[in-house]
Trainee: 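Below are the structure tokens for one structure; questions will follow.
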Amino acid sequence: MPKYLLSFLFLCLFSFQLFGQKKPNIIIFMIDDMGWQDTSYPFANEKSDFNKLYHTPNMERLAKIGVAFTDAYSTPVCTPTRVSLITGMNASKHHVTNWTAPMKDKPTGNQDNQMQEPVWNHNGMSPEPNIPHTIYATALPQILKDHGYFTIHAGKAHWASAGTPGSNPYSLGFTVNIAGTSTGRPASYWGEDNFGRTGSDYHAVENLQEYFGQNINLTEALTREALKTLEFPVKNHIPFFLNFCHYALHDPLMEDHRFIQKYIDKGMSSNEAKYASMIVGMDKSLGDVLDFLEKNKIEDETYLVFISDNGGLSNVPSRDGKPYTHNKPLRSGKGSIYEGGIRVPLIIKGNNKDGKNVRNSNPVIIEDMFPTILEIAGIKIPKTVQTIDGISMLKGLKNWKTVTKDRALVFHIPNKWTATDGDGYNYRSAIRKGQYKLIWSLRNDSFELYDLQNDLGEQDNIIQNPGMPSKAEELKLELKSILERNQAPMPKKKNIN
Ligand code: CA
């Protein structure tokens, strides 16, 4: 047994003595760029064509033993979501409002003739203070580790840029790291080309040398490694936290050889079939994790959270060609402030006392995971930790219906994520409260108001309808007040002569 595991074992046995009863295990199972419709489990009231086309039997299996949240939100892009999850802060407060570049001090975002991008935390999050352009915060895995959890990160990390402490999962409180770096996508999904480690591409996936040259998909390799690592805490009865973040379904769009043929046989285009095969691959991984819990008889003491980090990439062509999916009935996709960019699939499986085969329509947001997981673990949020914005969803697993219906959820992307503004992209803020959602274009200083209860697709801007100007004014004031309180980065108009 490696030395570090031995010392960890002693620490855990000590914690077990100290804290008494064994704490529940917790798994985050995060998918990258998975849209609300990329599943055979319908999150809308009606089954869509995509729900009928894609096959995700293990998501359906999870929904039968858990609670599906129909109104769950992440942020429009990768890093802000991941930082919110492990800090408990809203993006408008942590100021990591766009994705972080693999190398430090290279802010992502496009240049604009009219707008000046604000100063934001373009190097991501940091567990150490005074690192330029980072949010200094205590990370969720560090708190769990300090309370006796065996903490594992597997897959995509992307919390911070290389050259800063937050880019290394070990510095965020993880005891084991499998393939997590500062990059937000893999160079390749295929073992036969060494997951991209054939040249100098820094997107090549780390730590998976034993699969080089093999006919194996990255999703499968990560699953095998994650489950192999779980054997140690399970055997030694130590509670574990597994942060399992797949690189799939992010581009590059590369087929999963195991599952593509049936989609080609259905007559789908090459790109559509590739995407569908990646969806089945991640669903198979979910099934393997559920099987592992059953086989080891720990399903009742293990919580599992299935979520995506943002909406599906829909309206912008990928590196591999034309768009191959959409999020309809939701409008737009990844990067957008419309629902297609931020509303995500979320299913949580709890223990025996929690809801099963239940749907919950309370609006919830990614920063809620931080207090939820700590409450599951029975850990009081330490006083030294940053002021968090999330609220625990644990009651939501016990048929909690209306507690948060009227809370305000805020979204903020003051950056130029893509070249053209288009369908809700770039320089936007939004607030959702109850059935209404107000969107603020920071470029034009204009507003849109939608009634999500009656217009899920955000097609009908009702801001001028009778009675609505006052509703819009109320939401505008609340949004601006939250952004000001959080000192949110705001873009400015350039001085053009
Ligand atoms: Ca993403």
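Order of appearance sets the numbers: ligands from 1, and atoms from 1 within every ligand.
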Trainee: How many degrees, to 10°, between D309 OD1 and D32 OD1 as seen from the Ca ion (ligand 1)?
Mentor: 80°
Trainee: Do side-chain atoms of R428 reach the backbone of I337 as a donor and acceptor pair under 3.5 angstrom?
Mentor: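 Not confirmed, R428 side chain does not pair with I337 backbone.
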Trainee: Angle at the Ca ion (ligand 1) between OD1 of N310 and OD1 of D33, to 10°?
Mentor: 90°
Trainee: Check the angle between the aromatic planes of F174 and F241 and answer parallel, tilted or perpendicular using the 30° and 60° thresholds.
Mentor: parallel
Trainee: Ignoring hydrogens and angles, state whether a donor on the side chain of S285 or D288 is under 3.5 Å from an acceptor on the partner side chain.
Mentor: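 Their side chains do not contain a donor-acceptor pair, so the 3.5 Å distance test is not met.
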Trainee: Strictly under 3.0 Å, is any N, O or S atom of C78 next to the Ca ion (ligand 1)?
Mentor: yes
Trainee: Do the side-chain N and O atoms of E192 and H257 include a donor-acceptor pair separated by under 3.5 angstrom?
Mentor: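 H257 and E192 do have a side-chain donor-acceptor pair below 3.5 Å.
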